[in-house]
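These notes are about the structure you will find just below.
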Amino acid sequence: MKVNLLYGEGHVEVHIPDGNLMAVLRSSRPPDSRDEVGEVKLSLENPVAGGFRRGSKALLLVTDYTRPTPLKTMLPPVFDRLERLGYREFTVLVANGLHEPASRELLEEFLGSEVFERAEVVNHDVSKRSELTYVGETRMGTPLWVNSRLFEADLRVGCGVVEPHFFAGYGGGGKIILPGVSGEETVYRNHSYDMIAHPKARLGVLDGNPIYSDICDAASMAGLDAVVNVVLGSGGGVSRCFAGRPIETHRAAVGFLDRFVRVKVEAMADIAVVSGGGYPADRNLYQAVKGMAVGELIVKPGGVIVLMAECRDGVAHEHFYRLVSKFKDPSGLLRYIREHEPIRDQWEAQVMARILQRSKIIVYAKGVSRHVLERMMLIPASSPEEALEIAFDLAGEDAKTIVIPEGTHIIPDAGPKAK
């Protein structure tokens, strides 16, 4: 059977013999709204749980270039709604977390040029300690440093997309604060070895997830008033929009999304063929670890994960590369992280090492060289065909295979029988 997987802004095709193919797991994404702007307007007029009030100076926090948030669609109606509430001064703060601040050109690409006519646009830059304010400790003991601009506004609104997330459970909600506009020390604590290692810090899990709980505390302490969170449709546009107070609104969006992205798995596979989620989710290898984490949920111990991720920006995170490439085995890498934390980008390395302890990972990534992949304990492939050939050599010609064409956009739900 031939299957197309999301890859960059296009697709790659794989051929799995019918006798080997167990399943192709797809979400049943709702369609894009016929009126995407109207959907955003409707959510703002009918918020899930309040969160909006009158004032004069508003701060809009937005996701960065690594997220598929349709900000060009979302921001104009948000501006319009807030203007009707009396707001005349706007700042758009790009929640880069620890990512590099975006250039003006890149900002215009994902925000749209109109935004610059209506607001001051500012990058959150974690290296600028003078621009941070200490708020206190969360219940998890995380020292909360956040961008000081939060406290210069009458209203703070986060704009993001709700998607499955490989250790926070889901994106959206309070993640716009932590890690979005938090300080380095804060992110390190929230993404610490013990937090990442917690069995509930997994894809699609909120209840009992210490990382999610910490994020909710941070959002409350930082004074996040409201969020405007979208769920994407099958065409990549806005399907539904949810607006209102952060926790209630995020939970409502998650409840809607879950109806479409949770997919039952009847049995574990010998080989999992997984997309990195397409652009921008697979724009670099650091982000593409999230695709590996999807494969982890459906492959047997000792099995093989085949990741198809374009990685047009290469690895993109030098600290991630330097950390992983120090080691020839994942156990040594995990010991090193535990003994020497905090280390920049350790969380991505930790997740990848955890997966490598129980699976081989083959990567077809046009943007990353064979040498670099090998240095990072990954098996390079120069084509989708070669990736599958290597996988069947490792797992056997009778290996049972599951394919996930959308990668990071679904949650494989393996029941007790599958495990």
Side-chain angles (χ1 to χ4, degrees), residues 6 27-52 58-82 92-95 109-112 114-115 119 156-165 168-177 180 204 206 212 215 219 224-262 277-281 290 406-411:
L6 293 176
S27 66
S28 55
R29 284 274 180 177
D32 295 2
S33 171
R34 292 181 180 179
D35 180 3
E36 295 180 43
V37 172
E39 172 62 27
V40 177
K41 287 181 178 179
L42 183 64
S43 73
L44 292 165
E45 297 293 341
N46 301 277
V48 172
F52 298 93
L59 179 70
L60 304 183
L61 301 96
V62 300
T63 54
D64 73 359
Y65 54 93
T66 65
R67 301 298 188 265
T69 313
L71 292 167
K72 293 178 185 177
T73 300
M74 295 170 64
L75 288 177
V78 173
F79 283 127
D80 292 345
R81 175 62 178 142
L82 295 184
V92 171
L93 179 60
V94 182
E109 178 186 325
F110 68 88
L111 293 176
E114 179 187 341
V115 171
R156 293 152 289 272
V157 180
C159 301
V161 62
V162 178
E163 284 277 295
H165 188 276
Y170 296 84
K175 279 186 92 269
I176 204 75
I177 297 292
L206 294 181
Y212 168 72
I215 287 168
L224 183 65
D225 296 295
V227 293
V228 182
N229 279 175
V230 299
V231 172
L232 300 180
S234 54
V238 176
S239 176
R240 284 284 302 276
C241 186
F242 298 80
R245 288 195 300 269
I247 293 176
E248 299 98 314
T249 302
H250 184 245
R251 284 282 191 161
V254 166
F256 174 77
L257 177 66
D258 261 2
R259 291 158 42 191
F260 303 97
V261 298
R262 286 194 178 272
Y279 184 84
K290 297 171 183 177
E406 299 162 279
T408 56
H409 303 299
I410 79 165
I411 302 172

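Note that the structure is a prediction, hence the values are computed from the model and not measured.
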Any side-chain heavy-atom pair of V227 and V157 under 4.5 Å
no
Could you tell me the separation between the OG1 atom of T63 and the NZ atom of K175, rounded to the nearest 0.5 Å?
9.5 Å
If you define the side chain from C-beta out and look only at heavy atoms, does anything of P164 sit under 4.5 Å from L257?
yes
Would a distance-only check, ignoring hydrogens and angles, find a side-chain to backbone donor-acceptor pair under 3.5 Å from T249 to P246?
no
Can you name the nearest heavy-atom pair linking L6 to E406, along with the distance?
CD1-CA, 3.9 Å
Under a 3.5 Å distance rule, please check whether R240 uses its side chain to pair with a backbone N or O of G233 as donor and acceptor.
no
Within the distance-only criterion (no hydrogens, no angle test), does the side chain of N229 pair as donor or acceptor with the backbone N or O of G173 below 3.5 angstrom?
yes
Side chains of V115 and F110: does their closest heavy-atom pair fall under 4.5 Å?
no
Is there a side-chain contact between V37 and P76 in this structure, where contact means two heavy atoms from C-beta onward sitting under 4.5 Å apart?
no
Would you give the length of the straight line joining atom CZ of R81 to atom OG of S43, rounded to the nearest 0.5 angstrom?
10.5 Å
Hey, what do you get for CD1 (I215) to OH (Y170), rounding to the nearest 0.5 Å?
13.5 Å
Closest approach of G204 to I411 (non-hydrogen atoms, all atoms of both residues):
CA-CD1, 3.7 Å
Do R29 and F260 meet the cation-pi criteria used here (NZ or CZ under 6.0 Å from the six-membered ring centre, within 45° of the axis)?
no
Can any side-chain N or O of D225 pair as donor or acceptor with the backbone N or O of G51 at less than 3.5 Å?
no
How close do M74 and C159 get, heavy atom to heavy atom, and via which atoms?
CE-CB, 4.1 Å
So with a 6.0 Å cut-off around NZ of K72, is the heavy-atom count from everything else above 12?
yes
With distance as the sole test, does H250 use its side chain to make a donor-acceptor pair with the main-chain N or O of G171 at under 3.5 Å?
yes
For V40 and P77, the nearest pair of non-hydrogen atoms, with its separation, is CG1-CG, 3.6 Å
Can a salt bridge be assigned to the pair R245 and E248 using a cut-off of 4.0 Å between side-chain N and carboxylate O?
yes
Do P68 and Y279 have side chains that get closer than 4.5 Å, going by heavy atoms?
no
Going through the distances and angles, do V230 and V162 end up as a side chain to side chain contact (heavy atoms under 4.5 Å, CB included)?
CA-CA 6 Å; V230 299; V162 178; over 6 Å; no
Rounded distance (nearest 0.5 Å) linking atom CD1 of I177 with atom CG of L224:
4.5 Å
What I'd like to find out is whether the side chain of V238 reaches to under 4.5 Å of the side chain of D32, using heavy atoms alone.
no
I'd like to know if the side chain of S239 and the backbone of P31 have a donor-acceptor N/O pair within less than 3.5 Å.
yes
How long is the gap from OG on S27 to NE2 on H409, to the nearest 0.5 Å?
8.5 Å
May I ask you to check whether E163 and T408 show a side-chain donor-acceptor distance below 3.5 Å?
no
Is there side-chain contact between T66 and P280, with heavy atoms separated by less than 4.5 Å?
no
Pairwise side-chain contact, L93 with V62, heavy-atom cut-off 4.5 Å (strictly under)
no
Between E39 (side chain) and S33 (backbone), is there a donor-acceptor pair under 3.5 Å?
no
Just verifying a value: how many Å separate L42 CG and F242 CZ, rounded to the nearest 0.5 Å?
10.5 Å
